[in-house]
Amino acid sequence: MVTFLRGRLLSGAVTLIGVVVMVFFLARLTGSPIDLFFPEGGTEAQIRAFEQAYGLDQPLYKQFLIFLGNAAQGDFGDSIWQQRPAMEAALSEMPMTLALAGIAMVVSVVTAVILGSIAAAYRFRRPDRIITILSLIAGSVPVFWFAIVSILIFAIQLQWLPTSGSYSWKSWILPVATISLSPIGVLTQVVRGAMIDVLTSGYVRNARARGFGSLRLIFRHSLRNAALPIIAVAGDIAASKLNGAVIVSVVFAFPGIGRLIVGAIMARDFPVLQASIVLVGLAIITLNLLIDIIYMIVDPRVRLS
Amino acid sequence: MTLATEKQTNRTFVYSERWQMFFASPMTVAAATWLVFVILVAIFGPALVGDLANKQALLMRFAPPFQLEKGFQFILGADSLGRPVLLQLVMGAQTSMLIAILSVGSSSVIGSTLGIISGYFGGWVDNILLRIADIVHTIPSILLALVVLFILDPSITNLVIVLGITRIPVYLRTARAQTAEVRQRTFVEVAQAMGASDWRIMTKEIAPVVIPTVRTLAMLEVASVILAAASLTFLGIGLQRPTVDWGMLVADGQAYLETAWFVAVFPGIVIVLTALSASLISNWLRAVEDPAQNILFLSKPKKKRSESK
């Protein structure tokens, strides 16, 4: 078990280093921030000073080594546009994103487990067919379009919810719904498949023969065994929540790391871009590690191998 | 010679069964019909429509939908410059389908080739490829695409490259997992013992097993690539007018949501229908290739089948 965890930690660390390296070179390729910072074309001395302040006058390999050394200490330099360390800017946006992704995750897993279990219990009959089609539709709706249509209906027509911002609990409803929709579609299918496998297995048939009720069967005996494939997919889905967060930040003007990153790309704010993508990568790697550990707790076979 | 004949009849049998399973599922027939329609529109539509699609007519500005007196092309209304929404959708169909087909095609071929190589040879090749796939997979695809498309100029080719790269890991992992499993089987060992080259084993023994899985996956990926491409163009990155795709059309309509809802809503409906059709067909393919499930399609006997299965 310790070997297993150590292997996982090691591969997580290698992935993180890979992300850091890739981010550095990708960010450099987006062009120079000088043109944006001096739109009128600054004097030679101004540009020189700017380059020196951000280390842009060094050759690329040197910039890379300095970046790597500082990154190892958690220092990603200062933001070019905001007067503070890049990591601080990224970290300050993180709680909002984590809260949004967390709430959306809970909403989608709970909904998917309920819908998927119903579909599996009524497999190949009408409730199953309706749920299956709805979940396929949910997975086919573009996130940004759903956001726009929900603004159109609930904010403009009915005026129940605000169109943007993050001032009250009401302004969370549409972003959470937007981010949850397509994961609900995908997860429901996974839950349904896993539950059908379990419900048609011998021990469940045996339990049914002994007279256990359907509800108890589903929630006590089956769901636990169906949990493995659900946990496995949930990790990928949590990562894709961050894609949704980018769209939500644009359409609903919702704060978070998505908005920061889009802004950083537009402004060519390398330090902030690097810090936030590394932070996002770190969050996803940590999440995958957590999922591996949960997997190990739930399934003793993984622990032994 | 007898062997060849037997193979031939076996093959026709499988295909007629496929058709039967296809028609047994009305949803799949509807999905396939829609996809064929969209592809035909994508191929021939823009040439037929010509300049009419981009003709600006300020008098037609925000012409409401479902009214025929202004001409059939305004059946879905007109946008902020008086361009007919219906014809814009036709123009968008070509771009959207081209992007989807090219990026799914390239990423599935590259991804599954790498996956087969990775799974077959194992060792350090496998390790490096998997690690790279992990890194690409760790960064959310939209972020990666945002950054890369900011470097490259907006064009269909660059959009295809970015979408292709972000989707390669999916195929790589699937093909690799299956190859690693198939490699242990007796028929591969036999081929090795008979002295077949690695290349021959990979193309003749392993690829036929991996291809059906990749095909099902690719069909599902058509849906996600359509959605991903539309998300990027919606964010204003990837393409520029006069090239339009469905995501851009939604973005165009977003600003006028309160005055003209239909400009943003109709392109979205087309995206949903197309992505949904692709997932339905993928679902059907998966069911058909699974012997435990495909019985379901045959069990409702519209025509009695002979017992000789």
Side-chain angles (χ1 to χ4, degrees), chain A residues 11-12 14-19 21-23 26-31 124 129 132-133 136-137 139-149 151-152 155-157 163 182 185 189 236 239-247 250-251 258 261-262 265-266 268 273 276-277 280-282 284-285 288, chain B residues 27 31 127 130-152 170 220 223-224 226-237 246-247 250-251 253-254 257-258 261 264-265 267-269 271-280 282-283 292 296:
Chain A
S11 78
V14 173
T15 312
L16 188 65
I17 293 171
V19 169
V21 172
M22 194 164 90
V23 149
L26 277 181
R28 291 301 128 139
L29 290 171
T30 58
F124 310 128
R129 248 177 252 142
T132 301
I133 298 218
L136 282 176
I137 293 176
S140 307
V141 175
V143 175
F144 58 90
W145 186 72
F146 180 79
I148 288 178
V149 171
I151 286 180
L152 179 66
I156 296 177
Q157 293 295 324
T163 52
S182 98
Q189 287 295 305
D236 274 353
S240 75
K241 287 263 191 316
L242 285 157
N243 281 335
V246 173
I247 304 268
V250 173
V251 180
I261 290 173
V262 173
I265 291 174
M266 299 296 174
R268 300 209 159 88
L273 185 64
S276 5
I277 291 191
V280 167
L282 186 66
I284 293 173
I285 291 168
N288 284 329
Chain B
M27 295 294 287
N127 255 327
L130 271 189
R131 198 57 57 219
I132 294 174
D134 258 4
I135 293 168
V136 174
H137 202 77
T138 301
I139 300 181
S141 55
I142 285 194
L143 291 185
L144 194 64
L146 275 174
V147 176
V148 176
L149 284 174
F150 218 76
I151 309 164
L152 305 168
V170 182
L220 194 65
S224 39
I226 288 175
L227 296 179
S231 301
L232 289 173
T233 52
F234 170 78
L235 290 174
I237 290 169
W246 293 333
V250 177
Q254 191 196 1
L257 215 49
E258 287 178 62
W261 56 272
V265 170
I269 293 176
I271 298 176
V272 174
L273 285 177
T274 313
L276 181 63
S277 299
S279 345
L280 279 170
S282 169
N283 242 20
L296 282 168

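Chain A is the first sequence line, chain B the second, and so forth, proteins listed ahead of strands; every chain is numbered from 1. No hydrogens, no waters, no symmetry mates; every other heavy atom, side chains included, goes into these values.
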Those residues at least two apart in sequence (or on a different chain) that pass side chain to side chain donor-acceptor pair (under 3.5 Å) with B:T274 are B:W34
Drop me the distance from A:L136's CG to B:M27's CE, to the nearest 0.5 angstrom. 8.0 Å
Counting only non-hydrogen atoms closer than 4.5 Å, does A:V280 touch chain B with its backbone (N, CA, C, O), its side chain (CB onward), both, or neither? side chain
Could you go step by step and tell me if B:Q254 and A:V251 meet the side chain to side chain contact (heavy atoms under 4.5 Å, CB included) rule? CA-CA 9 Å; B:Q254 191 196 1; A:V251 180; 4.0 Å; yes
Side chain, backbone, both or neither of A:I137 within contact of chain B (heavy atoms, under 4.5 Å): both
Among B:S224, B:S231, B:A223, residue most engaged with chain A (heavy-atom pairs, under 4.5 Å): B:S231
Tell me, side chain or backbone of B:L276 under 4.5 Å from chain A's heavy atoms, or both, or neither? both
Restricting to non-hydrogen atoms, name the atom on A:V141 and the atom on B:L227 that form the minimum distance, rounded to 0.1 Å. C-CD2, 4.2 Å
With a 4.5 angstrom heavy-atom cut-off, is it the side chain or the backbone of A:I277 that approaches chain B, or both, or neither? side chain
Closest non-hydrogen atom pair between A:S140 and B:S279, with its separation: OG-OG, 3.5 Å
Residue A:I284 versus chain B: region with a heavy atom under 4.5 Å: side chain
Contact summary for A:P142 and B:V272, nearest pair of heavy atoms: CD-CG2, 3.6 Å
At a heavy-atom distance under 4.5 Å, which candidate from B:A230, B:A228, B:P267, B:S277 has the highest pair count against chain A? B:A230
With chain A, the option among B:I271, B:V265, B:L280 that has the most non-hydrogen atom pairs under 4.5 Å is B:V265
Between the main-chain N or O of B:A264 and the side-chain N or O of A:W145, is there a donor-acceptor pair closer than 3.5 Å? yes
Heavy-atom proximity to chain A below 4.5 Å, by part of B:I226: neither
